[in-house]
Protein chains: 2
Amino acid sequence: MITVKHVAQAAGVSPGTVSNALTGKRPVSPKTRSRIFQAIEELGYKPNLLARSLVNRRSHTIAIVTSEVEQFGPARILSGIDEQAEELGYSLLLTLMRNPAEEDVEQTITNLVARGVDGIIWAVHQVGNNRRWFTAERRKELPPIAFVTMEPKPGMAIVNTDNRAGAKMAVQHLISRERRVIGHIAGPLDWWEARERLHGWRATLADAGLENSDDLLVKGNWSAESGEAGLRQLLERRPDMDGIFLGNDQMAIGALQAAHRLGYAIPGDLALVGFDNIPESRYFWPPLTTIHQGLFEIGRVALQTIHDAIEESGASGERHITIQPELIVRESS
Amino acid sequence: MITVKHVAQAAGVSPGTVSNALTGKRPVSPKTRSRIFQAIEELGYKPNLLARSLVNRRSHTIAIVTSEVEQFGPARILSGIDEQAEELGYSLLLTLMRNPAEEDVEQTITNLVARGVDGIIWAVHQVGNNRRWFTAERRKELPPIAFVTMEPKPGMAIVNTDNRAGAKMAVQHLISRERRVIGHIAGPLDWWEARERLHGWRATLADAGLENSDDLLVKGNWSAESGEAGLRQLLERRPDMDGIFLGNDQMAIGALQAAHRLGYAIPGDLALVGFDNIPESRYFWPPLTTIHQGLFEIGRVALQTIHDAIEESGASGERHITIQPELIVRESS
DNA sequence: AGCGCCTGCTAAAACGTTTTAATCAGAGGT
DNA sequence: ACCTCTGATTAAAACGTTTTAGCAGGCGCT
């Protein structure tokens, strides 16, 4: 292995000077500078980033903790994070949590800190109380943390989609299509996003003077199965239903299938609006009207937020950033 | 920051002894041992893994380089890698390549090596000649590398799906459903997987004495759009076609939509078989018959392979592992 | 000529571990 | 009482960097 010592020797100079030339933090005369770089070139020297991190207390590594990366949402966010990370010169340490509700937060974080990450992006979905571990006191001892998709809390850095606004757009769109009995298949209500969308559905109907009783609501679990079951249940309770707002696109595809099997015409008998705008949604039958979230943008912004916090070398102060969603109209409504 | 020195002092012992107690590589008397652990507990000492990596030349970090993590395949593989990584005590350094064909392989690898990763899983799809960089000579200087989904090459560690076998199963299934004019919408042919599946389609038809001319073949690009366009094109050329094998499920969903618009009954007029078994495929309309790849398993095996190579502390010798796919019969055929 | 002041460099310390080589205490054997 | 051996402990070196403190020597100024 080629170290800074070898380079120093080859250039007839001390290791410290090589370091100075490399980092540029201290002046080095043009002559020796060029000798050093020539030696680096000849020897093919590559600095050892571990050693550098050790003394600098800066690893240029950011940890991202997430779950269900096989789903479109988390994956898209991850992609956005990566793009911004590359731009700012960070590497990414990835940790997947299979069971966010059960897993040991402390152990995960401890490992990351021991590895000297400069910051953490916590993109595990807020389910149940699994963020309760992050007390203000604990966070004081930790590198900056940015939370993705989580209920705003004072003193935390959080990046979100405006779920209520998205739900409002969806329901208003259905209303504009002359629908008057509009149901909702919600995600699991221990998820914050699901609650927000549900709230948006309810509030918008109330504002429009339309019914929003629990009769029109069924709880799913994000899966296509639950969308299918949910639709059947809703139609049984309310055969007069003429529009549905689905908590996500996966449930929408299940609901579409159920509607076909039951012989409902889409959008004639029943108009559907989803949430997420997964790539396939354009190819559902019929193509799905849905709410586009700027997930990639969320990822980028989350990383940028962490970066800013690191640069200020302060704990991540409070900053709540909300990305606005967008309505994508297709043939299902 | 609490270091091993503080612990040593608190336990009235030298830093070396603390290390011995911690690693267990050298004997330490029960009395001092318990004193040390008590001190660790009281002070809340957490070893700094960077420093440890530096001296051990072992970071317990494995790099995974991949692309298009927003797609089901790569994401599922990643998930498998992560599970096995957690089991074996590795952390994962993730690098996403946006443009596998263009990006600078050398720079990426250099960065990973400089960060001291113990091994690399190269899961970037083999497109064009982007693996040409990995000559035997270069690999000698690098930590062990496992390649995922790539043409077998002597001296390399490679984990694969048996794409030809999968294609064969798909086509044989269509034949068993009394289909006699069976088309294929292939993935982009600079992808190795696409070529393998195409070959499987061709060979199986030939073996059965059925037509396999280029008339029945169209080239897509994995996207639903290209599946839609491909189906229209095929049906225009061959209105007598009664079965299609699609290179992946995304193209299948596009083809399904085109078939609906053209008024073809599925599977009555036309039977479809996809490839990948993405979660949504079960909810296509009609549900899609497809080939299940053990992608999660591929990820697990890839990581295990790297681990084995590391343990033998040799360069990754040749090992070609092939995972067998499986036919999932649903209503589209 | 003497004084201070830059400029460019070096030797040594530091980062937080583990490992090596040496030392020390005590047990056991004669 | 002496010697040897063994097992536990330590001081110091090492890993590959950067940073600190200090040291020459040239320059300009009085």
Side-chain angles (χ1 to χ4, degrees), chain A residues 1-37 39-40 43-61 91 110-118 143 313, chain B residues 1-37 39-40 43-61 91 110-118 143 313:
Chain A
M1 174 162 217
I2 303 292
T3 79
V4 77
K5 266 186 192 163
H6 302 126
V7 174
Q9 191 171 10
V13 93
S14 87
T17 306
V18 174
S19 175
N20 290 339
L22 234 35
T23 62
K25 289 187 188 169
R26 258 154 237 296
V28 122
S29 83
K31 275 171 275 180
T32 54
R33 210 186 110 86
S34 78
R35 274 214 318 284
I36 288 173
F37 277 106
I40 287 179
L43 299 176
Y45 165 73
K46 305 275 187 275
N48 179 324
L49 299 187
L50 255 53
R52 193 174 271 181
S53 301
L54 186 57
V55 43
N56 280 344
R57 309 170 119 52
R58 197 61 196 281
S59 64
H60 289 274
T61 302
S91 285
T110 299
N111 176 260
L112 296 177
V113 171
R115 290 190 119 91
V117 300
D118 294 341
S313 75
Chain B
M1 176 164 214
I2 302 292
T3 79
V4 77
K5 265 185 194 165
H6 302 127
V7 174
Q9 192 172 10
V13 93
S14 87
T17 306
V18 175
S19 174
N20 291 339
L22 236 34
T23 64
K25 290 188 186 166
R26 255 155 238 296
V28 97
S29 85
K31 275 172 274 176
T32 55
R33 211 186 109 86
S34 78
R35 274 215 318 285
I36 288 173
F37 278 106
I40 287 178
L43 298 176
Y45 165 74
K46 305 277 187 272
N48 178 324
L49 299 186
L50 256 52
R52 194 175 270 180
S53 300
L54 186 58
V55 44
N56 281 345
R57 310 171 118 51
R58 200 59 197 283
S59 64
H60 290 274
T61 301
S91 285
T110 299
N111 176 260
L112 297 177
V113 171
R115 291 191 118 91
V117 300
D118 294 340
S313 76

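By convention in this document, chain letters (A, B, ...) are assigned in the order of the sequence lines, proteins followed by strands, and residues within each chain are numbered from 1.
Checking the phosphate oxygens (OP1, OP2) of C/dC9, a side-chain nitrogen or oxygen of A/T32 falls inside 4.0 Å. In this structure, A/N20 does not reach the C/dT10 phosphate: none of its side-chain N or O atoms is under 4.0 Å from OP1 or OP2. Contact annotation: B/T17 side-chain N/O to D/dT10 OP1/OP2 distance is under 4.0 Å. Between A/R57 and C/dG16 there is a side-chain N or O to OP1 or OP2 distance below 4.0 Å. Put simply, B/T3 has no side-chain N or O that comes within less than 4.0 Å of OP1 or OP2 on C/dG16. Contact between the side-chain N/O atoms of A/K25 and the OP1/OP2 oxygens of D/dT19 is found at a separation under 4.0 Å. Proximity of A/S53 to the phosphate of D/dT17: no side-chain N or O atom is located under 4.0 Å from OP1 or OP2. Contact annotation: A/N56 side-chain N/O to C/dA14 OP1/OP2 distance is not under 4.0 Å.
Heavy atoms of B/K46 sit under 4.0 angstrom from primed sugar atoms or phosphate atoms, though from no base atom.
Atom P of nucleotide D/dC15 and atom CG of B/L50 are separated by 18 Å, given to the nearest angstrom. Rounded to an integer number of Å, the gap from CE of A/M1 to C1' of D/dG16 is 8 Å. Atom CZ in B/R35 sits roughly 14 Å away from atom P in D/dA8 (whole-Å rounding). Rounded to an integer number of Å, the gap from A/K5 NZ to C/dT10 C1' is 14 Å. When the C1' atom of D/dG16 is taken as reference, atom CZ of A/R58 falls 20 Å away, rounded to whole Å. Whole-Å rounding puts the A/I36 CD1 to C/dG8 P distance at 13 Å. Between the CG atom of A/L43 and the P atom of D/dG16 there is a distance of 15 Å, rounded to whole Å. Remark: C1' of C/dC15 and CG of B/L49 are 15 Å apart, rounded to the nearest angstrom.
In this structure, A/I36 CD1 and A/S19 OG are separated by 9.5 Å, a value rounded to the nearest 0.5 Å. Between atom CG of residue B/N111 and atom CG of residue A/L49 there is a gap of 6.5 Å, rounded to the nearest 0.5 Å. To the nearest 0.5 angstrom, A/R52 atom CZ is 5.5 Å from A/L22 atom CG. Between the CZ atom of A/R57 and the CG atom of B/L50 there is a distance of 10.5 Å, given to the nearest 0.5 Å.
Nucleotides of DNA chain D nearest to B/V55 and B/G16 differ in position, and the one nearer the 5' end is that of B/G16. Where B/S29 and A/R52 each meet DNA chain D at their nearest nucleotide, the meeting point lying more 5' is that of B/S29. Comparing B/R26 and B/N48 by the nucleotide of DNA chain C whose heavy atom lies nearest to each, the residue mapping closer to the 5' end is B/N48.
Checked against C/dT17, C/dT10, D/dT17, the side chain of B/P47 finds its nearest nucleotide in C/dT17. For A/P27, the listed nucleotide lying nearest its side chain is C/dG8; candidates were C/dG8, C/dT10, C/dG16. With D/dT17, C/dG16, C/dT18 as the choices, the nucleotide that has an atom nearest any side-chain atom of B/A51 turns out to be C/dG16.
In this structure, B/R115 contributes its side chain and A/S59 its backbone to a donor-acceptor pair below 3.5 Å.
Sparse packing is recorded around CZ of B/R33, with 12 or fewer heavy atoms of other residues, nucleotides or ligands lying under 6.0 Å away.
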